[in-house]
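The structure under discussion appears below in the form of structure tokens.
Nothing here was measured: the structure is a model prediction, and the numbers come from that model. Both ligands and their constituent atoms are indexed starting at 1 by order of listing.
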Amino acid sequence: MTIAAFLAPESWLAQGAGPRYVQLHKRISAAVAEGILPPGAPLPPEREIAAITDLSRVTVRKAISLLADEGLIVQKQGSGSFVSNLAPQIEQSLSRLTSFTEDMARRGKVATARWLERGLFMPSAEEMEVLGLHPDDSVSRIARLRSADGQPLAIERASLPVDILPNPLIVEVSLYELLDARGLRPVRATQKISAINLGAEDAGLLAVAIGAAGLRIERISYLTDGRVAEFTRSLYRGDAYNFVAELRLAKD
Ligand code: 16G
């Protein structure tokens, strides 16, 4: 949907629903949350928003300055307003085995996934080793760009044995929710984190500069019986994630 169609007042502007600039502020925030206005995108000029919404320019200006105060919009002298591209700061515990969808929901954000690849494939040597597969087994792969409130945060490439995920096409938003429903949710995982500089393609997907710092994360997760359920290689935005671990004095 275009931003002009999204701002057409019939579907959101209502009498008695509070001040008009607050209603417009809410509508533009929704456009950002739903990805209609992605990070870095320009907002239509003030007079255009006024024309689309039938609101006065003063009302439009008030709504935009509220968005700017909140940091959702950046106003640039002479070139207009843009959706902020500043990464949200996400503190992620390293001791809980949670899913991306759950992590974002806990922060009041809506997780979305854009498919990069999914299907059944011949396993690579690494997948065979980690997942314990034979050369004639297939492997279920899903690769997704994960975003929160429309802002891309991670690229995740998950590989699973076919008996755990027989049909990768049925994953909607949450892989773990689907595994849970099948009684196959991982209960334990190991994770390896290393630093990388993002190449052109990955940087483009994550909406950061080429060469920006990223975190490469490998997660191997296990079922209650010790079997490997998932082997996921991810690239996380280095400017957004802070991983936090609790340490205790070792007693030998
Ligand atoms: C997390 C996991 C990933 C898992 C995904 C499931 C890391 C580094 N990765 O992002 O291994 O596949 O959650 O999320 O923590 P979903 O249930 O929302 O699809």
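- Looking only at heavy atoms of the protein, atom 9 (N) of ligand 1 is closest to Glu156 OE2, 3.4 Å.
- Counting the atoms of ligand 1 from 1 in the order shown, those under 4.0 Å from a heavy atom of Tyr236 are 7 (C), 8 (C), 9 (N), 10 (O), 15 (O).
- Contacts between Thr101 and ligand 1, counted as non-hydrogen atom pairs separated by less than 4.0 Å, involve both the backbone and the side chain.
- Residues Leu13 and Leu55 are in side-chain contact: their nearest non-hydrogen atoms beyond the backbone lie under 4.5 Å apart.
- Between Ser124 and Glu126, the side chains place no donor N or O within less than 3.5 Å of an acceptor N or O (distance only, hydrogens not considered).
- Contact annotation: for Asp103 versus ligand 1, there are no heavy atoms closer than 4.0 Å.
- When heavy-atom distances to ligand 1 are checked against a 4.0 Å cut-off, Leu175 comes that close through both its backbone and its side chain.
- The shortest separation from a heavy atom of Glu102 to ligand 1 is not under 4.0 Å, leaving the residue out of contact.
- Applying the salt bridge (charged side-chain N to carboxylate O under 4.0 Å, His left out) definition to pairs two or more places apart or across chains, none involves residues 9-23.
- Of all the heavy atoms of Ala158, none lies under 4.0 Å from any atom of ligand 1, so neither backbone nor side chain is involved.
- Among residues two or more places apart in sequence or in another chain, the side-chain contact (heavy atoms from CB on, under 4.5 Å) test is passed with Ser93 by Ser95, Arg96.
- Numbered from 1 in the order shown, with element, the atoms of ligand 1 that lie under 4.0 Å from a heavy atom of Arg146 read 14 (O), 16 (P), 18 (O), 19 (O).
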